[in-house]
There are 2 protein chains.
Amino acid sequence: MTMTPDTLTDRLERGDVMAAQCPSRALLRHVTSQWGVLVLTVLRRGTLRYSEIRHRIGGISEKMLAQTLRTLESDGFVSRTVHPVVPPHVDYRLTAAGQEVAGRIADLVDWIEGNLGLLLSSDTASLEG
Amino acid sequence: MTMTPDTLTDRLERGDVMAAQCPSRALLRHVTSQWGVLVLTVLRRGTLRYSEIRHRIGGISEKMLAQTLRTLESDGFVSRTVHPVVPPHVDYRLTAAGQEVAGRIADLVDWIEGNLGLLLSSDTASLEG
DNA sequence: CAGTATCCTAACTGATACTG
DNA sequence: CAGTATCAGTTAGGATACTG
């Protein structure tokens with residue numbers, strides 16, 4: 001097995017997330033952000049309005065939901081549709097790329113939820129937030 | 001299809017990550033933290049020493065690596081082995097639970113790395129960090 | 001080598017109040 | 001309804017120096 005003699009440029013072009021300046025780092029940070037994970041997860045079920053998302057994610061503030069949605073939208077994971085009615089009606093849904101990442105996030109979330117008991121019973125498990 | 005008439009207690013016991021106080025939230029935050037993701041990813045290849053991890057993850061500081069390793073260890077995702085020699089030699093490796101979550105994280109990371117071009121070419125993609 | 005201790009800044013976060 | 005604006009507190013994060 002031969003090792004690739006990796007230059008920094010090689011790594012950036014390849015999209016190597018281990019290179020500090022690689023754009024994939026930023027994308028990864030956005031989708032794995034505290035609220036990004038949960039927003040992507042709830043949107044898997046379909047199109048939702050701002051208030052519906054907020055209601056489904058316990059503890060998220062208006063500010064962070066708005067900010068997270070804007071980031072995910074600008075990254076191309078979420079699309080935003082404004083219905084020009086009064087009172088306002090805005091829908092959010094996953095793009096094709098969003099469905100891909102959200103599916104993978106959901107696999108992770110599901111495993112953790114499903115193995116919570118196992119994890120918490122471990123003698124080394126912490127309670128800290 | 002009938003809806004589950006969800007109490008908060010139900011959701012916590014089920015390990016529902018959408019409930020703000022659920023312990024799965026904290027675990028999820030730890031493994032999806034900026035450095036947690038990368039540490040879990042590099043450890044998939046096998047046992048590594050502190051300095052090896054630090055070298056492989058571009059841009060991580062000593063402080064954040066130490067902190068991230070301690071958190072992942074206390075959550076039961078990483079195990080730490082001290083070899084009582086001088087100079088010190090400490091090994092880190094994934095536990096069984098760690099391998100499960102790291103595998104799922106890797107699926108996400110791989111997809112993003114592999115589709116970077118697609119994501120960046122999107123007209124809505126941002127450059128921000 | 002593998003960290004810890006200290007200091008400092010910037011970013012994240014939430015509460016509240018307000019707007020179209 | 002769907003946000004934005006503002007403010008204040010907390011935490012994340014990095015640089016440097018130091019220890020066993």
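Just so it is clear: chains get the letters A, B, ... in the order the sequence lines come, proteins before strands, and each one is counted from 1. All figures in this text were calculated on a predicted structure; none of them were measured in a lab.
Residues A/Val101 and B/Ile112 share a closest heavy-atom pair of CG1-CG1, 4.3 Å. The shortest heavy-atom contact between A/Arg80 and A/Tyr92 is NE-OH, 3.2 Å.
One finds no side-chain N or O of A/Gln67 lying less than 4.0 angstrom from the OP1 or OP2 phosphate oxygen of C/dT13. Considering only side-chain N and O atoms, A/Arg70 lies under 4.0 angstrom from the phosphate OP1 or OP2 of D/dT4. Under 4.0 angstrom from either OP1 or OP2 of C/dA15 there lies no side-chain N or O belonging to A/Ser61. The phosphate of C/dC12 (OP1 or OP2) has no side-chain N or O of B/Arg29 nearer than 4.0 angstrom. In terms of phosphate contacts, B/Gln34 brings a side-chain nitrogen or oxygen within less than 4.0 Å of OP1 or OP2 of D/dG13. An OP1 or OP2 oxygen of D/dC1 is reached within less than 4.0 angstrom by no side-chain nitrogen or oxygen of A/Tyr92.
Distance from the side chain of B/Tyr50 is smallest for C/dG3 among the nucleotides C/dT13, D/dA15, C/dG3.
The 5' end of DNA chain C is approached more closely, in terms of each residue's nearest nucleotide, by A/Gly59 than by the other of A/Gly59 and A/Glu62. Place B/Trp35 and A/Arg49 on DNA chain D by their nearest nucleotides, and A/Arg49 ends up nearer the 5' end.
Rounded to an integer number of Å, the gap from CG of A/Leu65 to P of D/dT4 is 10 Å. We find that CG of B/Leu69 is positioned 14 Å from C1' of C/dC1, with the value rounded to whole Å.
In this entry C/dG20 has D/dC1 as its Watson-Crick or G-U wobble partner, both defining distances falling under 3.5 Å.
Judged by distance alone, the side chain of B/Ser24 and the main-chain N or O of A/Glu113 form no donor-acceptor pair under 3.5 Å.
Here B/Arg56 does not pair with B/Glu52 in a salt bridge; the nearest charged N to carboxylate O distance is not below 4.0 Å.
Across all strands shown, A/Arg54 has no heavy atoms under 4.0 Å from either base or sugar-phosphate atoms. At a threshold of 4.0 angstrom between heavy atoms, the contacts of B/Pro88 include nucleobase atoms, whether or not backbone atoms are also involved.
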